[in-house]
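Just so it is clear, the structure is predicted and the values come from calculations on it, not from any experiment. For ligands, and for the atoms within them, numbers begin at 1 and follow the listed sequence. Along the sequence shown, the residues carry numbers beginning at 1.
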Amino acid sequence: MEKRKFAKLGIDVSLLGFGCMRFPTGADGKIDQTQAEEMMDKAIQNGVNYIDTAYPYHNGESETFVGKVLKKYPRDSFYLATKLPVWLVNSIEDVDRLFNEQLQKLQTDHVDFYLMHAMGKERWDAMLKLGCVERLEQLKAEGKIRFLGFSFHDSYEVFEEILNYRDWDFCQIQLNYMDIDEQAGMKGYKLAEEKGIPLTIMEPIKGGSLASFGEDIMEVFHEVRPGASAASFALRYVASLPNILTVLSGMSSMEQVEDNLKTFMDFVPMEEKEYRAIDKVKEIMNSRIQNGCTGCRYCMPCPFGVDIPGNFSVWNRYHMYQNYYVVNWQWENMGRDGKQAKNCKECGKCEKSCPQHLAIREDLKKVQVDLDKKEMIPGRK
Ligand code: SF4
Ligand code: SF4
């Protein structure tokens, strides 16, 4: 198992980390504990030593389950990461209460990597106002937290603000080859690297959407690395960056565990020709975009409640990834809120303000027809 060591932390961390938010589940929606435990055991026995969970994963069940599985391993043989659910924090007492609850669920007296969860501007301001960072620093001084960081979902500017606030031990960002300009993105990666703050990476496979493709894309990958899985390209793309401590993969099956282990047991950094292959794959995916909506929102509001840029964003991504499950959550929410394309009354108001001169009414009809299929696009494996 490939390991990374940063002087700042002084420990060897496996470059593959086990993300505990997508365990297999049973018909009741609860974690299939037998299968999930086998998967964790397999990963740990093959050198994975970074286990990442969080308070809300699997409706609160993940921490308890992870604590139970890890109990059978010596406490100094793995690094446990979990996160403060900052949205539940209204006082310093809440920090202590939640942290102690987490220790109890995880059956441990300390957390190796503790993160303020899913930070954005609003949450950061609230944490500062309450003095939560100082309280977490005290917990670190007491030895209950070894390394303090935050996970992040907001714009680059907010990332810069939080990163510059103090000398963090590490932090966690979303990064994959399709999202290098999203959220903190590659610019955020570079800033962290300059400051000597190691990064843990989430969503390297973009929630599974970079794990399976049709033959056209697989051919591009196999030309440069025959037999390699699509997921292995996505993982190696981020893992080849030097300032990465661990790449988290939220594994859902033993097959995924085995494939990921294969990638990191004999880890080979990306070669130049592989970066070119990824560029080609991105080109293919971008060529499937249906219209050039920029999300500027000049067309909004629609008097009938249609979320015009939202519909186009869903439609374009559905075609890019050729996968309904990349957009189902957003699409179904829009349905519940009356924002889907079918609510368009064709008044034409929006088209007058669209700087891209899009045929909004016509395109909205296509959106509804395509998304109502709720299926992988025909022709896709
Ligand atoms: S044409 Fe449709 S989407 Fe555009 S403003 Fe009118 S009702 Fe809304
Ligand atoms: S005005 Fe045009 S480009 Fe801008 S969000 Fe609306 S549809 Fe998209």
- Task: I would like to know whether Y237 and Y177 meet ring pair (Phe, Tyr, Trp, His ring centres under 6.0 Å); could you show each step before the answer?
- Result: CA-CA 7 Å; Y237 182 84; Y177 63 75; 5.8 Å; yes
For ligand 1, does [X] get within less than 4.0 Å through its side chain, its backbone, both, or neither, judged by non-hydrogen atoms?
X    : result
I360 : neither
N343 : neither
R361 : side chain

- Tell me whether C302 has at least one N, O or S atom under 2.8 Å from atom 2 (Fe) of ligand 1. no
Where is the nearest protein heavy atom to [atom]: which residue, which atom, and how far?
atom                    : answer
atom 6 (Fe) of ligand 1 : C347 SG, 2.3 Å
atom 4 (Fe) of ligand 1 : C350 SG, 2.3 Å
atom 1 (S) of ligand 1  : G348 N, 3.2 Å
atom 8 (Fe) of ligand 2 : C293 SG, 2.4 Å
atom 2 (Fe) of ligand 2 : C354 SG, 2.4 Å

Need the ligand 2 atom indices (1-based, order shown) with element for anything under 4.0 Å from a heavy-atom of [X].
X    : value
Q356 : 3 (S)
R297 : 4 (Fe), 5 (S)
G295 : 5 (S)

[X]-[Y] side chain donor-acceptor pair, cut-off 3.5 Å:
X    : Y    : value
K374 : Y325 : no
R236 : T263 : no
N333 : K339 : no

- Task: Test ring pair (Phe, Tyr, Trp, His ring centres under 6.0 Å) on F170 and F113 and set out the steps.
- Result: CA-CA 8 Å; F170 74 109; F113 290 83; 4.9 Å; yes
In ligand 1, which numbered atoms sit nearer than 4.0 Å to a non-hydrogen atom of [X]?
X    : answer
P303 : 5 (S)
I308 : 3 (S)
C344 : 1 (S), 2 (Fe), 3 (S), 7 (S)
L364 : 3 (S)
E346 : 1 (S), 2 (Fe), 7 (S)
K345 : 2 (Fe), 7 (S)

- With a cut-off of 2.8 Å, does C299 place any N/O/S atom under that distance from atom 4 (Fe) of ligand 1?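 Here the distance criterion (N, O or S atom, under 2.8 Å) is not met by C299, so no.
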- Query: Do the numbers put R317 on top of the ring of W315, so that NZ or CZ is under 6.0 Å from the six-membered ring centre and no more than 45° off the axis?
  - Reply: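 Not flagged: R317 not positioned over aromatic ring of W315.
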- Message: Please tell me whether W124 and Y165 form a close aromatic pair, meaning their ring centres lie under 6.0 Å apart.
- Response: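 Yes, the ring of W124 comes within the 6.0 Å limit of the ring of Y165, centre to centre.
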- CD of E2 to CZ of F267: how many Å apart, nearest 0.5 Å? 6.0 Å
- Take T25 and D32 through the side-chain hydrogen bond (donor to acceptor under 3.5 Å, both in side chains) test and state the conclusion after the steps. CA-CA 5 Å; T25 51; D32 177 335; over 6 Å; no
- Query: Between F147 and Y79, does a ring pair (Phe, Tyr, Trp, His ring centres under 6.0 Å) hold up when you go through it step by step?
  - Reply: CA-CA 10 Å; F147 305 112; Y79 301 114; 7.7 Å; no
- Could you go through the ring pair (Phe, Tyr, Trp, His ring centres under 6.0 Å) check for F65 and F23 one step at a time? CA-CA 10 Å; F65 169 71; F23 285 127; 5.1 Å; yes
